[in-house]
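Below is one structure, written out as structure tokens, with a few remarks after it.
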Amino acid sequence: MGLTKFISLTTLALTTSAVSWNAAPFNLASVPLAVRSPYLSVWLPQSAGTALNGAWPQFWTGSTLGWAGYIRVDGATYTFLGDPVVAGAETAIQKSLEFTSTQSIFVMTAGPVDINVNFLSPVEPTDLLKQSTPFSYLALSAVSNDGNAEWVSGDDSLTVMLENQELYTEYRDHIQQGAAAYYSTPNSFSLTYQTGQDTVVRAQFINNGVLANTEDTNSRAVSDNWPVFAFAHDLGTVSTTATVPVIYTVGHVRDPTIQYIVANDVYQPRSVYFWSAYSSVTDLISDFVGDYSTALGRAKAFDQKVQSDASAISSNYAAVVALSVRQAFGALELTLSKNSDGSWNTDDILMFLKEISSDGNVNTVNVIMPAWPILLYTNPTLGKCPLLGLLEYQTTGQYPNAWAIHDLGSSYPNAAGHNAGNDEAMPLEECGNVLIMALSYTQKSDDISLITQYTDLLNQWTGYIVAEALIPANQISTDDFAEALANQTNLAIKGVIGIQAMSVISGILGDTDDQHNYSSIVQHYVPQILYYATSSDGLHPTLNYGNESSLLGTDVFPESIYDMPYGVLLDTRHTYTKSDWELWTAATVMTNTTTRDMFIDSVYKYTADGESNQPLGDWYETLDGTVHGFRARPVVGGHLALVSAANNALH
Ligand SMILES: *[C@@H]1O[C@H](CO)[C@@H](O)[C@H](O)[C@H]1NC(C)=O
Ligand SMILES: *[C@@H]1O[C@H](CO)[C@@H](O)[C@H](O)[C@H]1NC(C)=O
Ligand SMILES: *[C@@H]1O[C@H](CO)[C@@H](O)[C@H](O)[C@H]1NC(C)=O
Ligand SMILES: *[C@@H]1O[C@H](CO)[C@@H](O)[C@H](O)[C@H]1NC(C)=O
């Protein structure tokens, strides 16, 4: 099929990279700096390569976050983070950039010292308390690069406190409600701090190497004299042994975090899970800061396990996976409700997921489904948490449609349901998705509670598929941007897989009548679907029934479209593809390593091509690797399909 061309092209993109530092495993499009929740999502845009002090960090949307860092060595001040215009400061030179599943590590040379700048965004899938903590670390240590002892102090600043408090509304994806950004560092005898206008605070540090321990209490808009909050630490004497790291943390907390529709159209306020163990953010921060060295130990073990499992497939695969893990978990929030007496109901854990960048929906079923492999791989018992809210809402009877809902609310963080039934309709897609995930959860977690509790709904959706999947009506699939089409073969197939999943679920529940009924329906449907969806030469499935012109190798679509440099088309209507789909597909052909690697290497080529400067986008052009509109979405959790399928899960 000419597919091997992808492999030979792969190395090209990397050697053309123009950066002057070592980048491992590759020079990525945007470096995750602090990525832990839909609202703590800080990235450094790259294109062909941008140093840590060559641009301002950005929120995933691309808006600037004023996070800056300076280091003063032997009386000279260097900027090493952010792109501030600072009179009297020099620019540290980036030596290297390395990223793992949880860390982005820069080495910056500031005159006679090298600073190690480690951005650690923990991923803690088996510890709900730690996973739900919306904080990230920045650890700085210094080492002499000329063999001499140097006298050093460090400083940075972050300007993110939001003054506007408007409950549950988003302004350009930044949350405005009861929310606060936190910037912390452990106290020590040498710590100084200052708040005030950016130029004043920076001049204080540049001239004196310490801050004034004063606060500018004049609360104002962010752009009005750029108020900054800065900490400075004295690292003491720096030798050829790295200094003990100085820890800074950034976090973003809002409470309540979600409003969720329960019975009778009542909105329940929900809080992030960590509140079950903390009564103040200060206590949480104090523990989080104090936990740094053990958190780093856990992160290294986690990174290494992922790296080793993914490397068993290929090094290109391991690189793509490392970039995907933080991004997927960074779209999730674990929440709790309160009992009537005000105590936390720790039995009521719901996970919410933001469909970042595509439309901001809450818990989109066809986004949870592609992301699913990362939950299976890291902790399959988590799989229940994003499904429960959807199932429980539909059990209240407020959702009027016979099919499974598309999402729990149009705009995160409002899980307000769709009582009018006017959510984006993907009837067959979502019915199939929920049945498949319900079975997958049950099998991988060994827990039948989900299918026991929601059997009626699952049977209802199976009935819908039985009525609709053989001749799929004109509708969209998960790839809604490709628009609606009648008789889509993939929807018919998803439908029968869903019915078969429910047959197995019925068997697990001991309902042998339903088990046999559903499996015999599948046996009747499969040959009919094959008949409708097979080309006249009997060799190929068509995009939709009877559509010979959707075949590759015809006059309309010559064989050469297999030769797209950046992967295989999603379908023959367009030349774009999805990275999650490419790697799910790679997992289905695992045993043929040539075909498997063709898919993997095309995604790798796209992620490492130096063409983009936005957080990893899953929707892109196969012709030239151009990104379409999506970025920072959780579906990259699907990139873990191969480690998940290899059955070497972490648990
Ligand atoms: C089999 O399932 C279908 C779909 O739910 C239903 O319409 C039909 O009555 C069932 N048949 C039997 C024998 O239970
Ligand atoms: C869908 O396929 C069926 C079976 O081939 C056919 O009868 C029907 O006309 C098709 N519907 C559309 C809208 O093409
Ligand atoms: C057949 O498939 C092509 C894509 O390969 C699509 O553009 C066209 O609309 C389809 N035709 C029909 C009648 O569905
Ligand atoms: C792997 O797939 C390719 C492309 O479809 C095929 O040419 C090759 O024969 C397959 N290899 C094996 C060992 O099946």
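Under the 4.5 Å side-chain criterion, counting only non-hydrogen atoms from C-beta, Val143 is not in contact with Asn116. Between Gln46 and Val31 there is a side-chain heavy-atom pair separated by less than 4.5 Å. With a 4.5 Å cut-off on side-chain heavy atoms, Leu211 and Val201 count as touching. Side-chain atoms of Gln131 and Arg36, non-hydrogen and from C-beta on, do get closer than 4.5 Å to each other. With contacts defined as side-chain heavy-atom distances shorter than 4.5 Å, the pair Val117/Leu138 qualifies. Side-chain contact between Asp287 and Tyr278 is present, with at least one heavy-atom pair separated by less than 4.5 Å. Within the 4.5 Å cutoff, side-chain heavy atoms of Trp56 are placed close to those of Pro84.
Looking at every heavy atom in both residues, Gly637 comes nearest to Pro373 through O-CB, 3.8 Å. Taking both residues in full, the closest heavy atoms of Lys578 and Arg633 are given as NZ-NH2, 3.7 Å, listed atom of the first, atom of the second, then distance. Between Gly111 and Thr109, the shortest heavy-atom contact is O-CG2, 3.5 Å.
Sequence neighbours left out, the pairs with a member in residues 76-96 that pass side chain to side chain donor-acceptor pair (under 3.5 Å) are Lys95-Asp114.
Between the side chains of Asp624 and Thr626, at least one donor-acceptor pair of N or O atoms lies under 3.5 Å. Donor-acceptor pairing under 3.5 Å is recorded for the side chains of Asp255 and Ser271. For the residue pair Thr185 and His233, a side-chain donor N or O sits within less than 3.5 Å of a side-chain acceptor on the partner. Thr257 and Arg254 form a side-chain donor-acceptor contact under 3.5 Å, judged by distance and modelled atom types alone.
The pair Asp309-Lys305 meets the salt-bridge criterion, with a side-chain N (NZ, NE, NH1 or NH2) lying under 4.0 Å from an Asp/Glu carboxylate O.
Checking side-chain atoms of Ser136 against main-chain N and O of Leu120 turns up a donor-acceptor pair under 3.5 Å. Not a single donor-acceptor pair under 3.5 Å links the side chain of Thr622 to the backbone N or O of Thr577. Remark: side-chain polar atoms of Thr378 are paired, donor with acceptor, to backbone N or O of Ile374 under 3.5 angstrom. Between the side chain of Asn208 and the main chain of Val210, no donor-acceptor pair closer than 3.5 Å is present.
With rounding to the nearest 0.5 Å, the separation of CG in Leu235 from CD1 in Ile71 is 6.0 Å. For the atom pair CD1 of Ile285 and OH of Tyr182, the computed distance is 6.5 Å after rounding to the nearest 0.5 Å. Here Lys354 contributes atom NZ and Asp359 contributes atom CG; the two are 10.0 Å apart, rounded to the nearest 0.5 Å.
In summary, the aromatic rings of Trp67 and Tyr248 are positioned with their centroids too far apart to meet the 6.0 Å limit. Ring centroids of Phe630 and Tyr620 are separated by 6.0 Å or more, keeping the two rings apart.
Residues passing the side chain to side chain donor-acceptor pair (under 3.5 Å) test with Asp291, sequence neighbours excluded: Thr294, Arg298.
With Arg326 as reference, Ser104 is the one residue of Ser104, Ser41, Ser101, Ser121 to meet the side chain to side chain donor-acceptor pair (under 3.5 Å) rule. The side chain to side chain contact (heavy atoms under 4.5 Å, CB included) test with Phe99 is passed by exactly one of Asp303, Ile105, Leu28: Leu28.
Using bins of under 30°, 30° to 60° and over 60° for the plane-to-plane angle, the ring pair Tyr39/Tyr412 lands in the tilted bin. Below 30°, between 30° and 60°, or above 60°: for Tyr576 and Trp619 the angle between ring planes is above 60°, a perpendicular geometry.
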